[in-house]
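In what follows, a structure is listed as structure tokens, so that the remarks can point back to it.
On a predicted model such as this, the values are computed, not experimentally measured, just so you know. Whatever order the structure lists them in is the order used to number ligands and atoms, beginning at 1.
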Amino acid sequence: MTTAPTPARPLGGVATGLALVLVAVLVGVAAQRMTAGPSAAGAATAVTPTGHTTTVEVVAEGMRYHPARIEVPPGDRLVVEFRNRDHRRHDLILENGARTALLGQGGSARLDAGIIGGPTEGWCSLPGHRQAGMALRIVPTGSAAAHAPTGSAAPQPSIDVMADPGPAFTARDAVAPATPPGRLHRRELHVREVVREVAAGVRQRLWTFDGTVPGPVLRGRVGDTFEITLVNDGTLDHGIDFHAGAVAPDEVMRPIDAGQRLTYRFTATRAGIWMYHCSTMPMLHHIGNGMYGTVIIDPPDLPRVDREYVLVQSELYLGPDGEPGDLAKMQAERPDAVVFNGYAAQYDHRPLTARPGERVRVWLLDAGPNRDTSFHVVGAQFDTVYREGHWENRATDPGGAQVLQLGPAAGGFVELTFPAAGHYPFVNHAMVDAERGARGVFDVR
Ligand SMILES: [Cu+2]
């Protein structure tokens, strides 16, 4: 039995106190619970095995690995004692192919990383976790280790908003649901991870509430109670956050694992069009990949109109075809498209309808996750504007409005009448976003 040299420096410089170097023991000691190790030694570089083993404890907590940098004498075998102290599930996979199983909170596994001959990257395989910071680096002691993190090399799809989605395409129904008569609204929302088209010929693995993006439009009146049971039919952890009710977040907004359910109860004490969204970190990824929707709480004096539509603006950050959206693009705020109701320019291809002289109300929510909207209807004026809970214009006022401007998570509605038959485009008047899909048409006849 031999003893490997202990690295002379604190691991990774991470002052968490979690890093613990276990002096390596070894040879002939059969590792229990040893997960699949790499077949080839180390990452790329040939090295003479020392016959020693370095064992390091790595803890996952707060969407980070502690330590995030591990030094190993060149030629040593590395064994990682991996523990998950996070309330989310995580694993650890290495670029040389070694990987642990997916572990829940409190889970642990021993990972045989093989002989370390060169710098080796490790990360969590759950979508978005690596980009959110769950990455670590293993470096041979004394190496320069200037080794850029590896990224996905899969080809990226691109969106042509003018492309015809084809005769089979059905646009998301933008008609607002009627306000139901009851004062208690009980329903289940099922989280589903589904592959869907987001623009002509472009498919993504979206994370959804009830299989649609946006999620279902819920509606009620001031004073109504909503009792929503969230059921996680997905593979990742997800949660929900309803802006429409004031509640302590701790219990109801907690992430739940696949297969679990939680009941979220709130009373809507104030009117408006409110966002709901997934509450699981990184929220940027979960909202950016489809997990958002609206709850409309009617103002008490809301007049009847001839037609009512709901539009939700959001951004698309494409991942490879059929895979989830790209968190790095979300972090860099580089959207591939900006869309109403989840699909690029869908109401260009399938216009919304109205008749001349009808009063039309358009509810609008900016789901973001990052960009504003400046909603405008070409050829029309808004005589009524309601924004974030108050009336900014009434039809009886002499003034009018040309846009409804909203930041992320803000909402409101506008009302207008079309003066004559025609095709009235609607856009986010931030032109770069109109050109990348935030637009549609009212076909008035
Ligand atoms: Cu989620």
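Side-chain N/O atoms of His190 and Asp233 include a donor and acceptor closer than 3.5 Å.
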Next item on the list: Give the intermediate values and the outcome of salt bridge (charged side-chain N to carboxylate O under 4.0 Å, His left out) for residues Arg436 and Glu315.
Entry: CA-CA 10 Å; Arg436 55 188 167 195; Glu315 300 122 45; over 6 Å; no

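When SD of Met291 and ND1 of His286 are joined through the Cu ion (ligand 1), the resulting angle is 120° to the nearest 10°.
Between Asp298 and the choices Arg221, Arg304, Arg219, the salt bridge (Lys or Arg N to Asp or Glu O under 4.0 Å) rule is met once, by Arg219.
No other N/O/S atom of His238 lies as close to the Cu ion (ligand 1) as ND1 does.
Within the coordination shell of the Cu ion (ligand 1), defined by N, O or S atoms under 2.8 Å, Asn289 is absent.
Note that the OH atom of Tyr276 and the CZ atom of Phe266 stand 10.0 Å from one another [nearest 0.5 Å].
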